[in-house]
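What's counted below: heavy atoms across the whole structure, side chains too, no hydrogens, waters or symmetry copies. Computed from a predicted model, the values in this text were never measured in an experiment.
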Amino acid sequence: MADFTHILATRPDFADDDREWLHHLVADWQVISDLTFADLLLLLQTGDGHYVVAEQCRPSTVMSLRSEDVVGDQIPDNLTAELDSAMKLDAPLHSKRVRTIGRSTVCDVYAQVKHNGKTLGIVVRETNMATRESNGRYENESIDAGKMLFDMIARGEFPYVDAIINQRHIARVADGFIIITAEGIVRYASPNATSCFRRLGSVKTMQGRYLSEIGTSLLHKNDPVPESLPLVLSGKAAVDSELAANRSAVSIRSLPLIDENGRSGAVILCRDVTELRRREQELQTKDATISEIHHRVKNNLQAVSALLRLQARRTKLPEVKKELEEAQRRVQTIAVVHEGLSQTADEIVDFGKVISNLLKLSVDLATTEDQRISITFLGKFGMMPAQDATPLSLVLTELINNAVEHGFEGRKEGHITISVGRGGNTLSVVVEDDGNGYRSESKEGMAKSTGSGLGTQIINTFVTNDFGGSVTWGPRRDGGTRVSLSMKLRAAQESKNDQER
């Protein structure tokens with residue numbers, strides 16, 4: 001099925017700013033549809049003179065006439081002559097015929113889409129005549145305002161050229177609307193709009209008063225006032241803002257109404273966003289708390305590392321010094337992974353970036369001054385949560401440290417290759433080096449241990465017990481050592497089980 005962008009591409013005669021104007025139109029025409037209780041269709045002419053529906057808009061304030069998507073449909077030929085006549089005019093055209101859509105009687109009004117003196121297409125306002133029966137003040141004010149905005153399309157005054165929309169939660173017609181005069185006096189306020197201002201603390205009748213005075217009277221002396229608020233309350237520009245008072249917040253948007261004589265008033269849309277702002281504040285508080293916890297954990301890990309380093313410098317026994325340095329390296333490994341995890345909101349980290357820097361750091365710490373050992377990565381680890389990232393980083397750093405310490409002992413140069421294969425929660429990692437050989441790094445199918453052998457225990461415990469995998473040591477084809485790890489990522493498996501449940 002054709003979409004809006006595809007249909008625009010069939011009109012090479014449209015300049016880039018013409019296409020941009022049409023995009024702005026369909027991005028902002030929902031307010032017209034809602035105010036007029038009518039469906040809107042954007043029609044563009046094809047090269048053979050026919051008209052197609054480039055985009056459609058259904059009202060959210062009344063039941064739509066069209067349950068099906070009609071974008072890409074060609075308009076019946078019996079309407080072509082009327083549409084051709086509308087294209088030649090500079091003002092909206094009321095159709096002389098009444099159509100039937102389903103069981104509804106429909107009247108059409110055509111507005112030319114004008115931009116830079118060019119007619120780009122037609123917007124059809126499809127009005128269900130049943131919505132024009134027994135209307136009250138609310139419906140009449142809404143329809144009149146919507147018609148004025150609709151007429152502005154034909155004069156090239158809608159969408160607004162200099163509109164400034166900054167709010168994330170844009171007010172809609174159903175949330176509440178206010179009609180003000182050119183002087184800024186409230187002519188009508190819908191029940192929902194009145195409720196919004198009641199929540200802000202306004203208790204007086206709004207009609208007949210300046211909206212700017214109503215808004216400013218709700219503010220206290222030291223309350224922050226957005227720069228755009230005066231423009232919104234006066235209706236002089238197409239901008240949005242937010243009014244906060246009485247522990248409540250209302251998002252406000254101004255839509256100036258312009259006729260042949262200039263600005264005649266404005267529609268002010270209002271939306272109560274108090275609860276949204278409260279939840280945002282709660283999230284900000286939680287984020288700040290989590291950041292503080294991460295910061296303290298980081299400081300504590302650094303303190304432990306510093307204490308181990310200090311103790312290693314003070315001891316005179318080589319065996320004890322070596323064990324303390326190993327402990328410090330492991331604490332540093334955990335600290336680096338934690339730092340990467342703390343920078344993401346969901347504690348999921350791009351493990352490839354973290355482990356790359358971590359293993360290069362491990363090589364630098366383990367090598368002597370005259371050694372040059374490089375690392376190459378093949379494949380990608382992907383994103384990984386803390387539950388898997390921390391133990392896996394410890395396993396890999398132990399393997400790299402073992403390769404440097406035993407595989408390259410007495411050698412000045414060497415290379416380590418880490419190959420990764422991942423499919424869902426299954427992870428395969430192969431660590432190869434061109435060192436002294438398989439016998440120099442392993443003993444009885446495990447990493448050769450020095451001192452307490454804690455490194456060997458870390459590799460075997462995490463891989464076999466925590467990841468339910470296996471470790472296989474063997475010789476590399478061209479000399480050196482090859483270690484294969486096969487694992488099941490625990491967090492990924494738990495996430496999959498949660499989705500199945």
Side-chain angles (χ1 to χ4, degrees), residues 1-36 38-59 66 69-77 79-95 108-126 146-166 170 237-240 253-260 262-263:
M1 184 183 68
D3 59 14
F4 185 40
T5 303
H6 175 75
I7 294 173
L8 282 182
T10 64
R11 291 294 303 267
D13 56 314
F14 284 175
D16 289 342
D17 58 340
D18 293 332
R19 293 187 175 88
E20 189 67 19
W21 183 260
L22 291 172
H23 276 291
H24 282 308
L25 172 64
V26 300
D28 217 17
W29 66 350
Q30 183 67 55
V31 64
I32 299 178
S33 178
D34 290 343
L35 284 170
T36 58
D39 288 77
L40 301 180
L41 302 178
L42 173 61
L43 308 184
L44 297 181
Q45 199 167 19
T46 61
D48 56 4
H50 291 94
Y51 292 86
V52 295
V53 180
E55 193 58 279
Q56 71 180 109
C57 180
R58 298 182 179 92
R66 299 183 178 275
D69 196 329
V70 295
V71 174
D73 290 358
Q74 182 174 303
I75 299 300
D77 291 340
L79 297 177
T80 301
E82 191 170 58
L83 292 171
D84 287 340
S85 298
M87 286 283 286
K88 298 175 183 178
L89 300 177
D90 295 323
L93 173 67
H94 289 257
S95 176
D108 295 331
V109 182
Y110 308 117
Q112 305 78 19
V113 182
K114 297 286 188 178
H115 183 240
N116 291 335
K118 184 193 301 183
T119 302
L120 304 179
I122 291 178
V123 174
V124 183
R125 190 177 80 225
E126 298 182 323
K147 286 181 177 180
M148 292 192 68
L149 290 173
F150 183 78
D151 292 348
M152 288 165 57
I153 297 175
R155 295 193 298 271
E157 296 167 340
F158 188 93
Y160 300 102
V161 176
D162 53 354
I164 302 175
I165 305 298
N166 296 316
I170 300 176
V239 295
D240 67 351
R253 181 187 178 191
S254 171
L255 297 152
L257 297 175
I258 304 171
D259 58 20
E260 295 83 353
R263 188 173 63 86

Looking at every heavy atom in both Asp108 and Glu126, which two are closest together, and how far apart are they? OD1-CG, 3.6 Å
Taking all non-hydrogen atoms of both residues into account, name the closest pair between Pro92 and Ala154 and its distance. CD-CB, 3.9 Å
What I'd like to find out is whether the side chain of Asp151 reaches to under 4.5 Å of the side chain of Phe158, using heavy atoms alone. no
Under 3.5 Å donor-acceptor, Thr36 side chain and Lys147 backbone: no
Testing the basics here: between Gln112 and Thr119, what is the closest heavy-atom pair and its distance to 0.1 Å? CB-CG2, 4.1 Å
Just by distance, no angles: are the side chains of Thr46 and Asp48 close enough, under 3.5 Å, to form a donor-acceptor pair? yes
Please report the interatomic distance OG(Ser33) to CG(Leu149), rounded to the nearest 0.5 Å. 12.0 Å
Starting at NZ of Lys118, measure out to CG of Asp18 and round the result to the nearest 0.5 Å. 3.5 Å
Taking atom OG1 of Thr80 and atom CD of Gln74, what is their separation to the nearest 0.5 Å? 7.5 Å
Minimum heavy-atom distance between Gly146 and Ile32, given as atom pair plus value: O-CG2, 3.9 Å
State, with a plain yes or no, whether a side-chain heavy atom of Val123 is found less than 4.5 Å away from one of Val113. yes
Near Asp17 CG, under 6.0 Å, is it more than 12 heavy atoms from other residues, nucleotides or ligands? yes
My understanding is that only one of Asp84, Leu79, Leu44 makes a side-chain contact (heavy atoms from CB on, under 4.5 Å) with Tyr51; could you say which? Asp84
Heavy-atom donor-acceptor pair, Arg66 side chain to Arg58 backbone, under 3.5 Å: no
So Leu35 and Phe150, do their side chains get closer than 4.5 Å, heavy atoms only? no
Using the rule given for side-chain contact (heavy atoms from CB on, under 4.5 Å), can you reason through Val53 versus Leu43, listing the C-alpha separation, both sets of side-chain angles and the distance that settles it, and then say yes or no? CA-CA 5 Å; Val53 180; Leu43 308 184; 3.8 Å; yes
Does any non-hydrogen side-chain atom of Leu83 lie less than 4.5 Å from one of Gln45? no
Just by modelled atom types, is the Ile258 backbone N or O under 3.5 Å from a matching donor or acceptor in the Arg155 side chain? yes
Going from OG1 on Thr5 to CD1 on Ile7, what distance comes out if it is rounded to the nearest 0.5 angstrom? 9.5 Å
Does CG belonging to Leu89 count more than 12 external heavy atoms closer than 6.0 Å? yes
Please examine the side chains of Ser254 and Asp240, heavy atoms only from C-beta on, and report whether any two atoms are closer than 4.5 Å. no
Ring pair (Phe, Tyr, Trp, His ring centres under 6.0 Å) involving Trp21 - partner list, sequence neighbours excluded: His115
Please lay out, stage by stage, how Phe4 and His23 fare under the test side-chain contact (heavy atoms from CB on, under 4.5 Å). CA-CA 9 Å; Phe4 185 40; His23 276 291; 3.6 Å; yes
Between NE2 on residue His50 and CG on residue Asp77, distance to nearest 0.5 Å: 4.0 Å
For a side-chain contact (heavy atoms from CB on, under 4.5 Å) check, start with the C-alpha distance between Ile122 and Met87, then their side-chain angles and the critical distance, and finish with the verdict. CA-CA 7 Å; Ile122 291 178; Met87 286 283 286; 3.5 Å; yes
CD1 of Ile170 to CD of Gln30, rounded to nearest 0.5 Å, is 11.5 Å
Before you tell me yes or no, could you show the steps for Trp29 and Ile153 under side-chain contact (heavy atoms from CB on, under 4.5 Å), namely the whole-Å CA-CA distance, both residues' side-chain angles and the distance that decides it to 0.1 Å? CA-CA 10 Å; Trp29 66 350; Ile153 297 175; 5.8 Å; no
Pro256 versus Tyr160, closest heavy-atom pair with distance: O-OH, 2.5 Å
So, does Arg253 use its side chain to make a donor-acceptor pair with the main chain of Ile165 at under 3.5 Å? no
Which atom names give the shortest non-hydrogen contact between Val71 and Gln56, and what distance separates them? N-OE1, 3.7 Å
